[in-house]
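In what follows, every heavy atom counts, from backbone to side chain, and hydrogens, waters and symmetry copies are set aside.
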Amino acid sequence: NQLLRVELAQGETLQDVHLISFPPYAPDHNPVEHVWNDAKNAISNVQRDDFESTVAAFEAHIRSRLFDYKI
């Protein structure tokens with residue numbers, strides 16, 4: 001946690017990243033849960049030959065969309 005805060009400091013690699021605290025056990029408030037759900041629904045009804053193909057389909061879906069969630 002301390003190392004991350006050092007990297008988030010002004011002038012460091014991750015200076016444009018901001019930590020946001022979400023309430024515990026409240027997935028509806030966490031935007032990443034909406035991304036997971038959207039991608040899962042988009043790729044779940046297709047049987048693929050292997051795990052790598054499933055990962056590739058998941059990554060292709062999330063890269064092809066702009067998720068406009070407000071916090």
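Note: Phe58 and Trp36 meet the aromatic proximity criterion, with ring centroids under 6.0 Å apart.
Checking side-chain atoms of Asp38 against main-chain N and O of His34 turns up no donor-acceptor pair under 3.5 Å.
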(request) Decide yes or no on side chain to side chain contact (heavy atoms under 4.5 Å, CB included) for Arg65 and Val35, but give the supporting numbers first. (result) CA-CA 10 Å; Arg65 297 237 7 234; Val35 173; over 6 Å; no
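Heavy-atom minimum distance, His61 versus Ala39: CD2-CA, 3.4 Å.
Under a hydrophobic-cluster definition in which Ile, Leu, Val, Met, Phe, Trp and Tyr are linked whenever side-chain heavy atoms come within less than 4.5 Å, directly or via other members, Ile62 and Val55 are assigned to different clusters.
A distance of 5.0 Å separates CD1 in Ile43 from CZ in Arg48, rounded to the nearest 0.5 Å.
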